[in-house]
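As the structure lists them, so they are numbered: ligands from 1, and atoms in each ligand from 1. In this text the structure is predicted, and so the values were computed from the model without any measurement. These numbers come from the heavy atoms of this one structure, side chains and all, not from hydrogens, waters or symmetry mates.
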Amino acid sequence: MKTRRDFIKITGLGLAGLAIGGGTFKFLQGSSLWDSVLGEGITRLPTYCEVCFWKCAGWVYKDERGKLLKVIGNEIDPHCTGRLCPRGTGGLGMYYDTDRLSTPLIRTTNAEGKQVFRKASWEEALQLVADKMKQVSDQHGPESVALFNHGSSGDFFEHLFKAYGSQTIAAPSYAQCRGPRDVGFKATFGSALGSPEPLDIRDTRCLVLIGSHLGENMHNGQVQEMSEAIDKGADIITVDPRFSTAASKSKFWLPIKPATDIALLLAWMNVLIGEDLYDKAYIEKYANGFERLKHHVRRFTPEWAYGITTIKPAEIRATARLMASAAPAVIVHPGRHVTWYGDDTQRSRAIAILNALLGSWGRRGGIYFKETLPLPKYPYPDYPTPAWDWKETLGDRYPFADSGVSNALVDATIPENGRKARIKAWVVTGTNLPASMPDKPRLEQAINALDFLAVVDTMPMEITGYADVILPECTYLERYDEIRNAPHREPNLAIRMPVAEPLGDSKPSWWITKQLGEKLGLGAWFPYRDYSEVLDWQLKQVGSSLDELQKVGVKKFERNGPLYMNEDQGYVFPTPSGKIELYAAAFEQSGFDPLPNYTAHPEPGEGYYRLIYGRAPMHTFSRTANNALLADLMDENDVWVNPKVAGIWGLENGQMVWLKNQDGVVSTFPIKVRITERIRWDSVYMVHGFGQTQKELTRAYGKGASDSELITRTMVDPIMGATGLRGNFVTFLLDEPVKAFES
Ligand SMILES: Nc1nc2c(c(=O)[nH]1)N[C@H]1C(S)=C(S)[C@@H](COP(=O)(O)OP(=O)(O)OC[C@H]3O[C@@H](n4cnc5c(=O)[nH]c(N)nc54)[C@H](O)[C@@H]3O)O[C@H]1N2
Ligand SMILES: Nc1nc2c(c(=O)[nH]1)N[C@H]1C(S)=C(S)[C@@H](COP(=O)(O)OP(=O)(O)OC[C@H]3O[C@@H](n4cnc5c(=O)[nH]c(N)nc54)[C@H](O)[C@@H]3O)O[C@H]1N2
Ligand code: SF4
Ligand SMILES: [Mo]
């Protein structure tokens with residue numbers, strides 16, 4: 001008999017009493033100012049930032065007593081060119097957070113029969129996790145233990161899981177983020193974009209942003225390059241139902257009706273082809289299926305699109321001509337968080353096709369050829385081949401998924417329709433699933449069906465409340481992680497070193513996984529005493545060393561091939577045909593549209609508005625909500641409401657309202673109204689990551705509302721399984737929900 005897994009508050013077990021280094025928080029540009037004070041007892045060590053996944057390299061300065069003073073961008077780093085974003089600068093707030101997890105915790109039942117957490121030693125907590133993993137493995141095979149991960153700790157847990165025999169692994173950064181984009185681009189150009197995206201923004205003459213809200217989305221290198229391009233006279237076209245920061249820098253802002261972007265993209269193709277504005281020579285030389293595309297888009301005129309998107313035909317034509325006049329130095333930005341309406345792979349295909357028509361792939365000011373250094377892996381034994389893996393959880397669904405689909409792992413954890421659950425235990429690290437996965441009731445159903453749940457985190461985030469065991473990781477400032485080896489214009493490596501001793505009893509993931517590995521009899525995959533040995537070994541294989549990287553932080557290497565297409569030599573795309581596939585035959589074979597089509601999506605009923613969400617420059621999802629330095633800059637979100645709507649409801653600026661969605665779910669907390677022309681009347685907008693429900697997050701608790709809890713309906717992409725999150729509609733409750741229900 002399984003007991004229901006109650007959600008437990010971890011009250012009072014944090015690092016109470018730690019002093020916060022107040023007053024030192026300013027934005028500094030570059031490290032030169034600080035170099036002058038080096039030597040007077042102030043030292044610096046290299047890191048790369050973990051506040052988001054752009055992984056900017058920086059220097060952490062500390063004084064002789066070990067107090068961390070600043071994190072500053074590394075000037076030779078291509079991800080940041082010496083400047084961190086506000087979140088990166090505020091990274092020290094993660095280290096100094098008094099609410100941090102500081103000791104392993106184990107779920108237990110107290111004298112009153114209530115489930116609570118008690119403190120435990122690492123030895124006891126790790127033994128319990130290893131025993132449970134073994135137990136589940138003995139009964140159901142190692143594959144039935146699944147890993148959910150995001151961020152650097154995930155690298156170590158993936159290694160542990162693969163050695164253990166489970167590749168039942170997924171991250172919400174795929175099926176809740178960029179999966180459809182990468183599948184759509186791969187189907188067209190043969191290669192996914194990855195991170196950082198190889199966009200030649202600094203040399204572009206025209207940047208088209210479909211929803212991508214750069215400037216609020218602070219992906220550092222892109223924001224800097226966008227501002228450089230604007231200074232050099234590039235034109236920006238922003239398609240967004242909201243007047244975003246990027247829209248304010250744009251020549252054209254197209255306030256599209258949400259969920260209709262594919263119609264606009266098809267109309268743009270219609271104009272480019274109809275008016276002979278596309279790159280004929282490029283298409284002839286490099287692309288397949290042009291005649292079919294031409295025939296397909298003939299009926300998708302700007303007049304047709306106007307009725308769907310509300311964007312005027314003259315503006316559709318003018319923007320298409322502007323793109324063509326800049327081509328090939330033009331980028332229709334592929335976006336990053338693209339899981340919107342369930343036809344997201346097709347929208348991404350449409351974006352890829354537009355880039356092809358404009359000849360931007362492989363061209364200066366378009367999409368460059370990225371390069372990564374071939375860095376040898378440490379010589380571990382081969383991983384065993386699991387009897388089944390994440391793919392098996394898809395059945396015959398989502399044939400083009402090329403990475404773990406988190407929502408499919410949730411499905412496979414729930415016994416239903418007479419089918420037994422294949423997944424019996426989870427390890428979750430670096431991802432706060434209740435905030436990042438849609439449909440919380442279903443997530444809870446899965447968690448309640450588990451035999452065992454271990455959570456690795458730095459903070460008492462919502463996911464930890466569901467755990468049987470919580471393992472406290474130290475922050476990125478207190479540990480080694482893998483070498484950052486990301487693609488860019490020049491191959492480059494960056495390292496992260498411990499700058500301070502782990503606070504409390506927190507530990508790095510490399511250490512946690514090594515202990516678990518040894519307890520599971522997998523010592524052969526963990527043959528080091530300290531992870532620095534692995535890093536040094538790897539660096540020596542490419543003619544460097546840990547010593548050298550400690551001094552420089554980032555090391556660049558020579559490219560192998562050209563950055564752009566060599567027009568004389570031709571180019572073979574890594575697709576089945578060797579050409580750009582305007583017509584995706586592989587999609588057709590699997591029963592999907594080989595050319596993108598517009599489909600209408602559900603619309604809000606009377607009195608309801610589409611819930612859309614995005615980022616604020618000073619926060620990353622839910623992970624920074626409690627960061628003292630960043631909460632200082634913004635401590636709650638608000639809901640953007642068009643004046644027309646405010647008029648109908650009699651709303652005032654600053655008024656607190658509760659939001660209720662189409663399924664009757666009411667926000668746990670109220671949210672402040674912000675009346676603004678910057679949002680369409682058919683939608684409301686809020687920043688993701690607020691509305692934290694755990695009291696032990698002392699700064700974030702109850703501040704603002706959570707978009708996630710209102711997203712109970714998903715529109716799943718049949719091609720690769722991503723969950724479209726923007727098909728939810730909300731209305732306003734002006735009184736406390738209890739009163740509202742009574743009336
Ligand atoms: N500061 C900060 N920066 C971040 C992050 C963060 O947490 N904080 N997270 C990073 C991550 S992981 C990601 S994936 C990216 C995400 O950042 P993006 O890829 O830029 O995300 P989007 O969802 O495209 O952007 C949200 C925008 O889409 C608009 N929008 C909503 N519905 C529609 C629609 O139907 N059509 C159109 N055209 N626009 C629409 C919204 O108004 C909003 O301006 O940001 C990254 N950068
Ligand atoms: N409703 C809604 N859902 C979304 C989105 C949205 O905008 N709205 N965005 C989507 C996108 S684009 C993405 S990429 C995903 C992101 O989803 P997640 O990666 O789940 O994002 P976070 O909320 O930042 O959760 C990160 C968790 O990692 C913990 N953490 C931070 N540093 C460390 C560390 O060093 N070690 C360990 N072990 N843990 C650490 C944090 O405390 C937090 O619990 O969410 C997706 N889901
Ligand atoms: S963009 Fe900002 S938060 Fe993200 S890695 Fe860079 S400095 Fe850190
Ligand atoms: Mo993301």
Please state which part of [X] comes within less than 4.0 Å of ligand 1, counting heavy atoms only: side chain, backbone, both or neither.
X	result
Ser173	neither
Asn217	both
Cys177	side chain
Tyr613	backbone
Ser683	neither
Thr620	both

*asked:* Before you tell me yes or no, could you show the steps for Leu214 and Leu209 under side-chain contact (heavy atoms from CB on, under 4.5 Å), namely the whole-Å CA-CA distance, both residues' side-chain angles and the distance that decides it to 0.1 Å?
replied: CA-CA 8 Å; Leu214 288 176; Leu209 300 172; 4.1 Å; yes

Near Lys55 (heavy-atom distance under 4.0 Å), the atoms of ligand 3 are 5 (S)

Check for me whether the distance between the ring centres of [X] and [Y] falls short of 6.0 Å.
X	Y	result
His150	Tyr174	no
His619	His688	no
Tyr48	Tyr476	no

Identify the protein heavy atom lying closest to [atom], giving its residue, its atom name and the separation to 0.1 Å.
atom	result
atom 12 (S) of ligand 1	Phe621 CZ, 3.2 Å
atom 24 (O) of ligand 1	Trp340 CZ2, 3.3 Å
atom 27 (C) of ligand 1	Gly211 O, 3.0 Å
atom 2 (C) of ligand 1	Arg87 NH1, 3.2 Å
atom 38 (N) of ligand 1	Asp261 OD2, 2.7 Å
atom 40 (C) of ligand 1	Pro241 CD, 3.3 Å
atom 25 (O) of ligand 1	His213 ND1, 3.0 Å
atom 43 (C) of ligand 1	Asp240 OD2, 3.5 Å

Counting from 1, what ligand 1 atoms have a heavy atom of [X] closer than 4.0 Å?
X	answer
Ser212	20 (O), 24 (O)
Arg242	42 (O), 43 (C), 44 (O)
Ala616	1 (N), 2 (C), 8 (N)
Pro617	1 (N)
Ile612	31 (C), 32 (N), 42 (O)
Pro258	35 (O)

Compare [options] and give the one whose heavy atom is closest to [atom].
atom	options	result
atom 13 (C) of ligand 1	Arg336, Arg347, Lys257	Arg336
atom 9 (N) of ligand 1	His219, Arg615, Arg178	Arg615
atom 34 (C) of ligand 1	Phe53, Trp640, Tyr341	Tyr341
atom 3 (N) of ligand 1	His337, His619, Met218	Met218

Non-hydrogen atoms of Cys85 versus ligand 1: any pair closer than 4.0 Å?
no

**Item:** Sub-4.0 Å heavy-atom approach of Arg623 to ligand 1
**Value:** no

Polar atom proximity, [X] to ligand 1 (N or O, under 3.5 Å):
X	result
Ile256	no
Arg726	yes
Glu216	yes
Tyr685	no
Ala259	yes
Ser244	no
Val239	yes

Can you see whether [Y] has [X] sitting over its ring - NZ or CZ less than 6.0 Å from the centre and within 45° of the normal?
X	Y	result
Arg610	Phe729	no
Arg678	Trp640	no
Arg349	Phe185	no

Heavy-atom pair with the smallest gap, counting every atom of [X] and [Y]:
X	Y	value
Ser244	Glu216	CB-OE1, 3.4 Å
Ala57	Leu84	O-CD2, 4.2 Å
Met218	Pro86	CE-CD, 3.9 Å
Val183	Ile719	CG1-CG2, 4.4 Å
Pro596	Leu266	O-CD2, 3.6 Å
Asn407	Ala175	OD1-CB, 3.3 Å

Protein N/O/S atoms closer than 2.8 Å to atom 2 (Fe) of ligand 3, ordered by chain and number, come to Cys85 SG

side-chain contact (heavy atoms from CB on, under 4.5 Å) test vs Phe300 passes for just one of Asn597, Val271, Leu265, namely Asn597

The residue among Thr714, Asp717, Val410, Ile711 that forms side-chain contact (heavy atoms from CB on, under 4.5 Å) with Thr723 is Thr714

Notebook entry, point to check: Does any non-hydrogen side-chain atom of Val239 lie less than 4.5 Å from one of Leu264?
Noted result: yes

Does a side-chain heavy-atom distance below 4.5 Å link Arg680 with Asn642? no

Exercise. Hey, is Arg496 close enough to Asp481 for a salt bridge, meaning N to O under 4.0 Å?
Worked result: yes

Arg181 bridged to Glu197 by N-O distance under 4.0 Å:
yes

From the list Arg202, Arg336, His333, side-chain hydrogen bond (donor to acceptor under 3.5 Å, both in side chains) with Gln222 holds only for His333

Practice prompt. Determine, step by step, whether Trp54 and Asn220 satisfy the side-chain contact (heavy atoms from CB on, under 4.5 Å) criterion, reporting the C-alpha distance in whole Å, the side-chain angles of both residues, the deciding distance to 0.1 Å, and the verdict.
Written response: CA-CA 7 Å; Trp54 202 252; Asn220 195 335; 3.7 Å; yes

Practice item. Examine distances only and state if a side-chain atom of Gln692 and a backbone atom of Gly689 form a donor-acceptor pair shorter than 3.5 Å. Key: yes

Working note: Arg100 + Asp97, criterion salt bridge (Lys or Arg N to Asp or Glu O under 4.0 Å); need CA distance, chi angles, decisive distance, verdict. CA-CA 6 Å; Arg100 272 176 64 169; Asp97 198 317; over 6 Å; no

